[in-house]
Amino acid sequence: MREIQLPLSKTQKVRLQKALEKLESLSSKVNSDASVTIADSISVNHEDSVLKGHGTADLNGEVVATVCGIVERVNKLVYVRALRSRYKPEVGDIVIGRVVEVAQKRWRLEINYSQNAVLMLSSMNMPDGVQRRRTSVDELNMRSIFEEQDVVCAEVRGFQHDGLHLQARSQKYGKLHRGQLLTVPPYLVKRQKQHFHHLEEYGTDLILGCNGLIWVGEHTEAKDDMVEDQVNESAPEAVLPSKYYVNLDQEKNYTTLETRKYICRAANAVRVLSILGFNITLEIIKGVIDLSLSMNLDIHDMLGSEFCVLVAEKEAERRSSNKKKR
Amino acid sequence: MIRIGSLEAIIPWNTFRCFFLNSLNFPFPTKRPCRSFQLWSRLPARITQSLLLHSHLGENGINRLRDTKSNSILALPLLLISLIICECCRLTQLLVSLSHEPRFPSPAVHPLSRLWSGSLPSHDPSLPRLILGSKVVFFPRLTLISLQGMVSLSLEEKHFIKGGIAQDLRCDGRKRLTCRPIYVETEVIPQANGSARVRMGATDVISSVKAELGKPSSSHPDRGKVFINIDCSSTAEPAFEGRGGEELSAELSISLQRCLLGGKSGAGAGIDLSSLVITEGKLCWDLYIDGLVVSSDGNLLDALGAAIKAALSNTGIPRVQVAAGASSDEQPEVDISDEEFLQFDTSGVPVIVTLTKVGKHYIVDATSEEESQMSAAVSISVNRQGHICGITKRGGAGLDPSIILDMISVAKHVSEQLMNKLDSEIASAEAEEES
């Protein structure tokens, strides 16, 4: 297991060790033969011809793993899915990316994948919500929608001949405002039914990107104002995104301190979980936030080792109680 | 010749120099004036840009400005000169005001000698009146190398970070003057005489001290030598790959030398050089202090300073027996003990506190995101007695003297906490190592 990089006192070390052991004992042992470490041999039926995929190699007629991970078999193909790797997109994943280039009719986004993803102008809703063919004027106005360095949320559409394509066909996708972006290892975020969360009690939004980028920000109302006024259609040149009102230079426009406190708290909760290497879900994040609130902890103290150990213990407790219920 | 827009004026070099000197009330090294200018010509890349933008100087004018590196200094645009003068006046004003502060230690170093990059003889008897701020070693550095540009942030994120700093609640929940928890590990490199690893958040640096026998320089026979060299690993930042980290490494090394080694005369130094001498004029220890940036998340200078302090306190220098009876002109024979080590005295080694100015406020221990938003950063090294041992400045924006004074008092306060925290961390790291 990866060593957790935390300055710990002796008692804290013992406690953390205990909690981690408990967690390990709780994990299921069902598929233990499917997981391999480097140089483990993979049992294959040599009668059939075998196609060796990623993470495997031939050693004295035996197929061995070259990475730590899970053995996957698709017909003849045998490959190992690495445990710690870059993000591997799957169709329908919700990802957060950063625009690296505004190109012809498309934006290129960095999404922590081995190549940049493409978001076509035609595969996203126009800011005014009107459905129509994209004109050359729209193409010229692309920078008014997303600029370089902007943080954008989108969905994986699939692979096309020129790479990975994304789409953003709803108002909930698009540029992210007023918050901070966190980076965690992508394997900590599992695909779920819901990736957009609104923490009502804190007035914050939480977006868990499957690619390990997590957005914590002020809550904004995402409304699908589809074709409300057809008047706009007559003047597509004047179209500016409705969200573009933000005057960035005005201090009045800063996020209120109250909301900011919750944003920082949620962000630190994610950071703690990523330090400990725990899965990041809404439930666990909320648990960590509530724990810190009930302890009346300062926000920056959440990153201290004492709180991390406490979170590990709580998590072990929670999982064991979950197990008992079942 | 000076040109602004379409105006041209030819000013002889001497006139210009007088103008410059008068405005500064400062001695100009008469022998090699151009060298000093090189330093200034490095400063105003930002100013050059703004010149381009605001005064519509053509590319031509700017090229000439670049020519200042050779001897054609006369082509400096007037605007630039006035900016330089402004900066200098500010500096002198600051130094004067600092010199009235009784709390500072008084190393007899010309405060601006470093500024002129060695072109000014430091012990020239004709200079006494002009040692303006003799009470503080002040090393203004106005280079523009920083981590800016390595971090990419959207406008929205920048806005959020700035807002957080204005509201005294930064992105990771810290207040403006709160440091990240610091974690020290000692004895990480067994081959070195002393080594330490310091982590602050995601910033991770390693520093090692190696002692070798050497010969003291002829100008200072009663002192050992210390060399500080910093290396930026390309694992820290993709931009450091190849020669990319070199510029930053050089900047960090120079800043650390200025913060830790004091002035030319040796006063204000954190490391007591005279304790490194074995036989005066013949034999001394050379300390090679190497730092490696393993992972970078802002505030590298402070982390390196802390790592060097921890490494020095971990350093054991072998006891040396000099064979008696050697004649005075030949190299004495020495016997280096394998068992007996002398602990290095680190009580005088300062900690470095960098105050990064973002918007109207300044913060300590900035992350790289916050550093990318800075307008200026002042690194102040403070020792245990609360004396200032060195100051360096980064970033293109100017600072008001009153703000710098304010920063200094804040830095003193912060350094006290940092010093205590660091000392307790070093102590616990050493205790752990023994157990």
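To find a chain, count down the sequence lines: A is the first, B the second, and so on, and within it residues start at 1.
The 12-atom threshold is exceeded at CD of B/Q343, counting heavy atoms of other residues, nucleotides or ligands nearer than 6.0 Å. Atom NE2 of A/H198 has more than 12 neighbouring heavy atoms from other residues, nucleotides or ligands inside a 6.0 Å radius. Annotation for A/K314: atom NZ does not count as buried by contact number, only 12 or fewer foreign heavy atoms lying within 6.0 Å.
Residue A/H177 holds its NE2 atom at 11.0 Å from CG of B/L155, rounded to the nearest 0.5 Å. A/L303 CG to B/R174 CZ: the interatomic distance, rounded to the nearest 0.5 Å, is 9.0 Å. Interatomic distance, CD1 of A/I299 versus SG of B/C171, reported as 11.5 Å (0.5 Å rounding). If you take CD on B/E156 and CD on A/Q180, they are separated by 13.5 Å, rounding to the nearest 0.5 Å.
Listed for the A/Q149 side chain is no donor-acceptor partner under 3.5 Å among the backbone atoms of B/S152. Formation of a donor-acceptor pair under 3.5 Å by the B/Q167 side chain with backbone atoms of A/T255 is found in this model.
Looking at A/N268, only its side chain comes within 4.5 Å of chain B, counting heavy atoms on both sides. Contacts between B/K162 and chain A at a heavy-atom distance below 4.5 Å involve backbone atoms as well as side-chain atoms. Interface residue A/I263: only side-chain heavy atoms are found under 4.5 Å from chain B. Residue contact with chain A, scored on non-hydrogen atoms closer than 4.5 Å, is absent for B/R180.
In terms of heavy-atom pairs under 4.5 Å with chain B, the best-connected choice from A/K261, A/H300, A/R271, A/E148 is A/H300.
Under the 6.0 Å cut-off for aromatic ring centres, B/H159 and A/Y254 qualify, their centroids lying closer than that.
At a threshold of 4.0 Å, the pair A/R178-B/E157 does not count as salt-bridged, since none of the basic side-chain nitrogens sits closer than that to a carboxylate oxygen.
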Pair A/C264, B/L169 - check side chain to side chain contact (heavy atoms under 4.5 Å, CB included), show working.
CA-CA 8 Å; A/C264 292; B/L169 181 71; 4.1 Å; yes
